[in-house]
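What follows is a set of notes on a single structure, which appears directly below.
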Amino acid sequence: MLLDHLLSPLETEEIIGSCEKEITSVTADSRRAGSGTLFVAVPGVSVDGHDFIGKAVAAGASAVVCERLPERLESMVTYIKVPSTPIALGYIASEWWGNPSRKLRLVGVTGTNGKTTTATLIYEMARLMGYKAGLLSTVCNYVELTPYPTDHTTPDPLTINEMLHHMVEAGCDYCAMEVSSHAAHQHRIAGLTFAGGVFTNLTRDHLDYHKTFEAYLAAKKSFFDHLPATAFALTNADDKVGEVMLQNTRASRHTYSLRSEADFRGRIVEQRLDGTLLSLNGIEVHTLFTGKFNAYNLTAVYGACILLGWDRDEVLRHISALVPVAGRFQAFHSPKGYTAIVDYAHTPDAVVNVLAAIREVVGPKGEIITVVGAGGNRDKGKRPIMAREAAARSERVILTSDNPRFEEPEDILADMEAGLDDEARSRTLHITDRRQAIRTAAALAGKGTVILIAGKGHEDYQEIKGVKHHFDDREEVRNIISQENA
């Protein structure tokens, strides 16, 4: 592709060299540069791409997009100075892959909790409605039914556009996509054309990166600020910042709610551990989901489907066929009479939501045992809060290791225990080994007990000292139950 064509959507400040040259590849990683490469120097959290311009040029790069021109300019290289290379990379990536987001209807979902479930269910609904669809999510990326593993909630712009390109080639009509606060702040979604955006909720998370709640909110809001006038913006009217998200959007504004008047109104009629009877705009539908947080997710999905122009009766019919996302309130029933629920809840608010859903079903006299930890090298402030919330809503708590990363698990558990008073500590066990913690919970459980195993959900590893070791909460529970059946 001609360099001139790739640069056409960019705001440039200075161009040194010819733009009439053929580009053979685009990268922001100097290690992937070669002959004919366009290298985009992106400032990162820990390293700055500008420091690697020389390496990219030495490897054969024929053009460089940068915010600061290097001191030494090579005569055969074209240098393009722009105000923001992260934004430039998004638009270049879209051009490189043929602007695939314009060729299907892309719906972005952002918020602290519920992104994965809501995005996945929109993808599933599209397929149930008879359309071909793709998904970009924390759990897995899909091009129709073909899975592609994922390492980030929202990939880099080149990966996003490559995936969208594959979706277009596969004939997909729709794509649902999680939009993380990191991705919005780092402009990984720059250059994409969205048909709609959905906001779930906002609670404390990722303050290790954003530093303040206000900065975290601003990152989420920026997604809606950049939606086009042709898109829809659907927000949770019950969240304290739900309306704030839409203050500056050009998109058409819509709301959903479980508590107040809204364009899309959900109401829980009846719920059990294996499902909920939900009213959506006055029409009752049986679902296989439990908990108020899932009622919000389903109401958001219903609203998004209607805003995409799909038939209401068909949407309601297919909502009853949806199944929970892997590792999201995934229930396992023991022959001993207890139920184990594996959930990705890894923030204080998510833990509260899941435990509230369980309590609503088991009642005030039911027994709940919560197995919970916290990730290492992340926001330490939420650790005591998570332990306190778990203890306040459970009869017993077992604090255990999550993904300690480069921290010592004992230090993380000490941070969590700091949130407990003496009474809560008397009901709390400290078992660092996660496998043993889950087995202990199963041994303590009686008939009717519900065990919540929180924090990892779909993950099939534990990250320790930079190494990912195989570990799957769901697999552990299945092994325990199979032994009980023996």
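Here the structure is a predicted model, which means the values were calculated and not measured. Hydrogens, waters and symmetry mates play no part in the numbers below; they use all other heavy atoms, side chains included.
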Please assess V352 against R393 for the test side chain to side chain contact (heavy atoms under 4.5 Å, CB included), listing each intermediate value before the final yes or no.
-> CA-CA 8 Å; V352 169; R393 291 164 175 78; 3.6 Å; yes

Has the side chain of K21 got a donor or acceptor atom that lies under 3.5 Å from a matching backbone atom of S62?
-> yes

Do K103 side-chain atoms and E169 backbone N/O form a donor-acceptor pair below 3.5 Å?
-> no

Parallel under 30°, tilted from 30 to 60°, perpendicular over 60°: which one fits the rings of F224 and F199?
-> perpendicular

Applying ring pair (Phe, Tyr, Trp, His ring centres under 6.0 Å), name anything that partners H165, two or more places apart in sequence or on another chain.
-> W97

Do H318 and E124 get their side chains close enough for a donor-acceptor pair, meaning under 3.5 Å?
-> no

For D48 and G44, indicate whether the former's side chain and the latter's backbone hold a donor-acceptor pair under 3.5 Å.
-> no

Does V82 offer a backbone N or O that forms a donor-acceptor pair with the side chain of E67 under 3.5 Å?
-> no

The reported gap from CZ in R105 to CG in L308 (rounded to nearest 0.5 angstrom) is 5.0 Å

Going by the side-chain hydrogen bond (donor to acceptor under 3.5 Å, both in side chains) test, which pairs reach into residues 34-45, not counting sequence neighbours?
-> S25-T37

Partners meeting side chain to side chain contact (heavy atoms under 4.5 Å, CB included) with A357 (sequence neighbours left out) | F293, F329

Could E243 and R253 be called an ion pair, given the rule that one side-chain N must be under 4.0 Å from one carboxylate O?
-> no

Mind running side chain to side chain contact (heavy atoms under 4.5 Å, CB included) on R68 and C66 for me, showing each step along the way?
-> CA-CA 5 Å; R68 306 184 307 275; C66 55; 5.8 Å; no

Steps toward side chain to side chain contact (heavy atoms under 4.5 Å, CB included) verdict (M167, K132) | CA-CA 9 Å; M167 292 176 197; K132 290 186 175 183; over 6 Å; no

With sequence neighbours left out, write down each residue that passes ring pair (Phe, Tyr, Trp, His ring centres under 6.0 Å) with H458, or none if nothing qualifies.
-> Y344

Test item: side-chain donor near acceptor, D239 and Y296, under 3.5 Å = no

Looking only at heavy atoms, which two atoms of E95 and M1 are closest? And how far apart?
-> O-CE, 3.5 Å

Does T235 reach the main-chain N or O of G242 with its side chain, forming a donor-acceptor pair under 3.5 Å?
-> yes

May I ask you to decide if N201's main-chain N or O and N236's side chain share a donor-acceptor pair within less than 3.5 Å?
-> no

Taking only residues two or more places apart in sequence, or in another chain, which ones meet Y174 in a ring pair (Phe, Tyr, Trp, His ring centres under 6.0 Å)?
-> Y131, W310

Would you find a donor on one side and an acceptor on the other, under 3.5 Å apart, between the side chain of T200 and the backbone of N113?
-> yes

Examine distances only and state if a side-chain atom of R434 and a backbone atom of T400 form a donor-acceptor pair shorter than 3.5 Å.
-> no

Are T112 and Y216 close enough that a side-chain donor and a side-chain acceptor fall under 3.5 Å?
-> yes

Determine, for E407 against R383, whether the closest basic-nitrogen to carboxylate-oxygen distance falls under 4.0 angstrom.
-> yes

So does K465 have more than 12 non-hydrogen atoms from other groups sitting under 6.0 Å from NZ?
-> yes

For the atom pair CZ (F223) and OG1 (T249), what is the distance rounded to the nearest 0.5 Å?
-> 9.0 Å

In terms of side-chain geometry, is the basic nitrogen of E459 or R474 positioned less than 4.0 Å from the acidic oxygen of its partner?
-> no

Could you please spell out the steps behind the side chain to side chain contact (heavy atoms under 4.5 Å, CB included) verdict for V139 and T120?
-> CA-CA 9 Å; V139 177; T120 302; 5.8 Å; no

Quick one: does N403's side chain have a donor or acceptor within less than 3.5 Å of a partner on E463's backbone?
-> yes

Pairing residues for D29 by the side chain to side chain contact (heavy atoms under 4.5 Å, CB included) criterion, not counting sequence neighbours = T27, R31, R32

Is atom NE2 of H226 surrounded by more than 12 heavy atoms (other residues, nucleotides or ligands) closer than 6.0 Å?
-> no

Under 3.5 Å donor-acceptor, H470 side chain and D460 backbone | yes

